[in-house]
Number of protein chains: 2
Amino acid sequence: MLDERKTAILSAVVHEYIATALPVGSSHIARASGVGVSSATVRNEMAVLEQEGYLVQPHTSAGRIPTDKGYRFFVDHLAAPGRVDEATTRQVGAFFEAAHGRLEEMLHQTSDLLTKLTHNAAVVLGPKADAATIRSAQIVRLSPNAATVVLVFGNGNVENEVIAVDETTPDTVLAAASVHLARTLTGGTLGALDLVSSVGDEAVDAICTSAVEAMRVVSNDAHVYVGGASTVADSFDAVDVVRQVLHTLEQQFVVVSLVRDIVDRGMSVAIGVEHGVEPLSACSVVVAPIVVDGEHLGSVGVLGPTRMNYPQALATVDMVSNRLGRRLGES
Amino acid sequence: MLDERKTAILSAVVHEYIATALPVGSSHIARASGVGVSSATVRNEMAVLEQEGYLVQPHTSAGRIPTDKGYRFFVDHLAAPGRVDEATTRQVGAFFEAAHGRLEEMLHQTSDLLTKLTHNAAVVLGPKADAATIRSAQIVRLSPNAATVVLVFGNGNVENEVIAVDETTPDTVLAAASVHLARTLTGGTLGALDLVSSVGDEAVDAICTSAVEAMRVVSNDAHVYVGGASTVADSFDAVDVVRQVLHTLEQQFVVVSLVRDIVDRGMSVAIGVEHGVEPLSACSVVVAPIVVDGEHLGSVGVLGPTRMNYPQALATVDMVSNRLGRRLGES
DNA sequence: CGTTAGCACTCGGTATCCTCGATTGCCAAG
DNA sequence: CTTGGCAATCGAGGATACCGAGTGCTAACG
């Protein structure tokens, strides 16, 4: 749909604009890029590209900048199959080499890693607890009328939630429930659990039920880590854009559904208005699913200005999600 | 040191500037405030106040704005003993009424609450795990060479950390270590623990030692929750100030020591450069310790522009820290 | 002697105007 | 179809002038 020369010109505009954030003019393209053609010709082509919606002029007598559509074409057809530079590879490698310990901590650090590598805000949606193998379950009394149920998962994750218990419930009943819970849950997953088998004792059953119920709720609210929010202040000059974006990023709910939505639609990049979150219309989001054994357990992504470095972001996000998936699969 | 009229004028300037963010002139004061005196007199007084370092003129022929010293005098001598408005009282009450469940979640929400109430960034430094009573301890194997140690505390907190184990270590040894750990720790605190008693079995002892060591480390890195960072974008017009502040806020380490330092010095407000963190010199920090049974378990605070509403911030932070302390004391 | 009115002065902010340069669109020639 | 040339456009940046808020000073006042 776009002949080769237009393609080359569009590509050059995008590259240049990403690098400089300045509207780029025809002469610049004619001179610098590989298209061996005069500025006048470039001008003509750019006029067409503008008509077709790939470019806009901020004002007459300024150069052109890419539209969302322009970026879209760029990432779909032009972005060189992502190569991450060697330094990045090394850093990611070192990171996952050293990564240890608690799941949440690792995910948190992963978002920082992505920020460091891409200089954009980063989002990590942790795996839902649903799918992980339960290695241990217990109920611990905290006070006369509260107890906490603790589940340890094979991937190093530990979830807990407080449940209410009756003051009159003796410790022995709690202990029995704990044992029963452990027996029922260990080795399985929360997701595959249909309902808790009964032990006959009403009090014990009641506690087990509420424990499982609580854990179901907990395992549903995703762990989400947003890192590098301060980079958006670096990405935009307009302070009101910064405000809007930061404010939106703080609403975890919005961020989660934003990323989920993009991943669910099978996309890896959402450019500007494509993601439908109006306050973020100056931003693009690059995501990748975290896949373990064919299962989609979470997502990682970065969020930056529409004029972000897509090839690098795509490659980096891909690499990190892969390594993270592999890492999660190990345990 | 400041006669009554100067005091009144300073107070009026601070109030006005906090409200409008605009330099305030003598005529304004003469007209609006209670000082029944002409603008010329006010001018004279203001000139003195400037010499003494309480006020500055951004430029000749502009009104005056308070200096850090001016704010300091204001909060020390002029701020009306903090009254929170009724709506706030109600909101805080409702919040702690409804607060339940996991400690980390509650602390996180507390920082959001503070942000909502003061429209400033909020910091909550969670209690170190040191002091809480241990209700349960166990070791769970995750993989041939990793296990996680889980501690449940009386306040609803659950800490866990992954430790390395030898592949050759049989499950029975782990189980023994788990039992021994539970016996040793339950009912006590990490802080009061000197060293783990031996059971004679070398392998078991080794695991217990590394488990306790890991938990000691974990219990030392404070839980810190920073909420409402996006409000700093609302507080400053200069985008580079926003950048600096946000960037600083993202460095948990800096935030923690900042707050700790202020609390340790027995202060409740640090104004501008007083806290010594240079990139935050346009900000003030209002803090209050979380006290439970006379023990200082953590801190809450808000961070905003030096021209923040000190009386309200002080009162709100105080109220929240009190309620939080009371809440933590319950369990 | 403290207070006040009056006044000259200062200086930042805003508006206006102009110039400069980058860039475009178009046209006519190659 | 491409290209060189050229007039036209328009924002950015700089200079200028004006306005108004606010000050400091001085002289008068009670």
A.B. asks: Rounding to a whole Å, what distance do you find between B:H59:NE2 and D:dA21:C1'?
C.D. replies: 10 Å
A.B. asks: Find out whether A:L2 and A:L10 are in side-chain contact, i.e. whether some heavy atom of one side chain is under 4.5 Å from a heavy atom of the other.
C.D. replies: yes
A.B. asks: Whole angstroms only, please: what is the CG-C1' distance between B:L55 and D:dG22?
C.D. replies: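 Result: 14 Å.
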A.B. asks: To the nearest Å, give me how far apart CG (B:N44) and P (D:dC25) are.
C.D. replies: 9 Å
A.B. asks: Let me know the distance between NE2 of B:H28 and P of D:dG22, rounded to the nearest Å.
C.D. replies: 7 Å
A.B. asks: Does the side chain of A:S39 get closer than 4.0 angstrom to OP1 or OP2 of C:dT23 through an N or O atom?
C.D. replies: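 False: A:S39 side-chain N/O out of range (4.0 Å or more) of C:dT23 OP1/OP2.
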A.B. asks: For A:H15 and A:S11, indicate whether the former's side chain and the latter's backbone hold a donor-acceptor pair under 3.5 Å.
C.D. replies: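 Checked: pair present.
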A.B. asks: Please tell me which of B:G63 and B:A40 maps to the more 5' nucleotide of DNA chain D, matching each residue to the nucleotide holding its nearest heavy atom.
C.D. replies: B:G63
A.B. asks: For A:Y225 and A:H108, take the angle between the two ring planes, folded into 0 to 90°, and tell me which bin it lands in: parallel under 30, tilted 30 to 60, perpendicular over 60.
C.D. replies: perpendicular
A.B. asks: Which of these, B:Q251, B:E250, B:Q244, sits in a side chain to side chain donor-acceptor pair (under 3.5 Å) with A:S230?
C.D. replies: B:E250
A.B. asks: Given the rule in the salt bridge (Lys or Arg N to Asp or Glu O under 4.0 Å) test, do A:D240 and A:R243 qualify, once you have shown the distances and angles that lead to the verdict?
C.D. replies: CA-CA 5 Å; A:D240 51 314; A:R243 283 198 245 274; over 6 Å; no
A.B. asks: Taking only N and O in the side chain of A:S38, is any of them less than 4.0 Å away from OP1 or OP2 of D:dT2?
C.D. replies: no
A.B. asks: Does OP1 or OP2 of D:dG11 have a side-chain N or O of A:S61 closer than 4.0 Å?
C.D. replies: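 For D:dG11, neither OP1 nor OP2 has a side-chain N or O of A:S61 closer than 4.0 Å.
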A.B. asks: Rounding to an integer number of Å, can you tell me how far B:E45 CD sits from D:dG22 P?
C.D. replies: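 Computing the B:E45:CD to D:dG22:P distance gives 19 Å.
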A.B. asks: Does a nitrogen or oxygen in the side chain of A:T60 sit under 4.0 Å from OP1 or OP2 of D:dT9?
C.D. replies: no
A.B. asks: On the nucleotide C:dT3, are OP1 or OP2 found under 4.0 Å from the side-chain N or O atoms that B:R43 carries?
C.D. replies: no
A.B. asks: Just N and O in the side chain of B:S27: are any of them under 4.0 Å from OP1 or OP2 of D:dA21?
C.D. replies: no
A.B. asks: To the nearest Å, how far apart are B:M46 CE and D:dG22 P?
C.D. replies: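 That distance rounds to 9 Å.
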A.B. asks: Would you kindly give the CG-to-P distance between B:L49 and D:dG24, to the nearest whole Å?
C.D. replies: 12 Å
A.B. asks: Please give, in whole Å, the distance from D:dC10 P to A:R64 CZ?
C.D. replies: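 It is 14 Å, rounded to the nearest whole Å.
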